[in-house]
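Below is one structure; the comments refer to it alone.
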Amino acid sequence: MDLTVIGMMCGTSYDAVDAAAADFSLTGEEIVCRPRGLYSEPVPDGLRARIAAALPPHPTTMEEVCRLDTELGRLFGSVAAAANERLTGGGADLIVSHGQTVFHWVEGTHALGTLQLGAAAWIAEATGVTTVSDLRTRDLTRGGHGAPLASTLDALLVLSDEVRRGSLNLGGIANITVRDADGNVIAYDLGPANALMDSAVTDATAGAERMDAGGARAARGTVHAELLDRLLAEPYYRAAPPKSTGKELFHADYVRAAVGGLDLGTDDLLATLTELTARLVADACRAYALAELVVAGGGVRNPTLMRRIAELSAPVRVRPIEDFGLSAQAKEAYLFGLLGYLSVHGLEGTIASATGARTGSILGSLTPGATPLRLPEPATVRPRRMCVK
């Protein structure tokens with residue numbers, strides 16, 4: 001069934017809410033995605049500061065969690081309504097909201113819980129459109145990490161031919177999807193990308209700056225070998241996939257503890273954190289003998305990071321996700337649109353080998369819009385590829 005779907009994402013940098021609209025259709029084993037565009041709104045500074053203040057290792061209260069859940073829901077509802085009007089002329093059939101991750105509970109090699117705020121009822125009320133939310137929990141109930149969910153889109157779009165290719169997303173956390181020697185889809189969080197860089201800049205400038213814009217600081221700095229060795233000693237990097245992580249581990253205090261008594265300036269710190277992410281990516285490229293690496297996420301706007309990834313990963317060919325028809329900024333929003341489309345057709349949105357679950361899962365919870373809930377007839381064939389037109 002053809003559906004016009006709006007997928008929504010606010011990532012671990014919580015700087016903007018992205019809403020991407022697309023027409024999805026399913027014919028046999030192929031999903032066709034026809035993008036309609038991206039609408040994005042910045043998260044207001046006050047709300048952004050409150051999200052940061054509620055994240056680990058900071059304490060918070062249930063009152064503040066309740067307030068954030070409501071205020072984020074209202075923000076997502078406003079963005080969804082604007083996207084529906086501007087991108088589809090009010091014609092969306094389905095809205096899919098990832099919400100704002102505030103905690104991902106991992107102990108050892110197991111993910112035990114995850115929490116995304118932004119109550120879906122506010123979206124359904126603001127738009128009158130059926131809304132899918134809570135897209136990670138079902139996978140956790142089956143032993144999975146609920147992440148990286150990008151593996152589903154990656155497998156259908158990027159890894160669907162015989163090229164030894166990986167798909168990398170550089171958000172707050174870097175995650176990668178590859179195939180192992182047996183052709184199984186493997187996906188996991190590599191470690192920090194923008195999360196530590198952003199926190200270091202925010203810390204150094206007392207909040208006057210929030211990121212290393214254009215990688216300028218890292219480009220001026222020099223990698224501090226001792227600090228890099230300390231960072232690379234993190235046990236998480238030696239754990240076997242599937243695995244997931246987040247700002248519960250990689251936050252400002254983590255950087256401060258690693259720096260300790262070392263004497264280095266902000267630019268050198270940024271150069272070292274940038275090198276850390278590039279090393280983690282390059283190590284994965286070698287481990288899976290990749291020929292190509294397809295990159296998306298906010299990190300693509302950091303030329304210093306992209307240059308070091310290309311240099312350390314050589315001779316791997318580094319390509320933008322735009323080569324496959326999606327924009328780097330909008331990829332995750334389109335991902336959640338795809339997952340919602342699969343869910344309402346009764347199709348699994350996860351790949352068990354990627355998340356570590358016992359089986360794949362139909363994802364999400366449904367909140368009806370202004371009219372009675374009517375779902376499409378269940379699909380009978382699981383798609384094997386996605387085409388973007």
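Basis for what follows: all heavy atoms, side chains included, without hydrogens, waters or symmetry-related copies.
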Please confirm whether the backbone N or O of [Y] pairs with a side-chain atom of [X], one donor and one acceptor, at under 3.5 Å?
X	Y	value
R179	L159	yes
T137	D134	no
S327	A330	yes
N84	A92	yes
T152	G349	yes
K247	L55	no
E275	L228	no

Presence of salt bridge, [Y] and [X], under 4.0 angstrom:
X	Y	answer
E348	R382	yes
R210	D45	yes
D212	R217	no
D161	R385	no
E71	R50	yes
E311	R308	yes
E63	R67	yes
E292	R164	no
R36	D23	yes

Is E125 atom CD crowded by more than 12 heavy atoms from other residues, nucleotides or ligands, each under 6.0 Å away?
no
Just checking D263: does its CG atom have more than 12 heavy atoms from other residues, nucleotides or ligands closer to it than 6.0 angstrom?
no
Restricting to non-hydrogen atoms, name the atom on R279 and the atom on L232 that form the minimum distance, rounded to 0.1 Å.
NH2-CD1, 3.4 Å
Is it the case that the side chains of [Y] and [X] hold a donor-acceptor pair, with the cut-off being a distance below 3.5 Å and no angle test?
X	Y	result
R136	H145	no
D139	T355	yes
D154	T177	yes
S40	D18	yes
H224	T272	no

Rounding to 0.5 Å, atoms CZ (R307) and CG (N302) come to a distance of 9.5 Å
Test D198 against N194 for side chain to side chain donor-acceptor pair (under 3.5 Å), laying out the working first.
CA-CA 6 Å; D198 291 352; N194 301 321; 5.3 Å; no
Would you please name every residue forming a side-chain hydrogen bond (donor to acceptor under 3.5 Å, both in side chains) with D93, sequence neighbours left out?
none
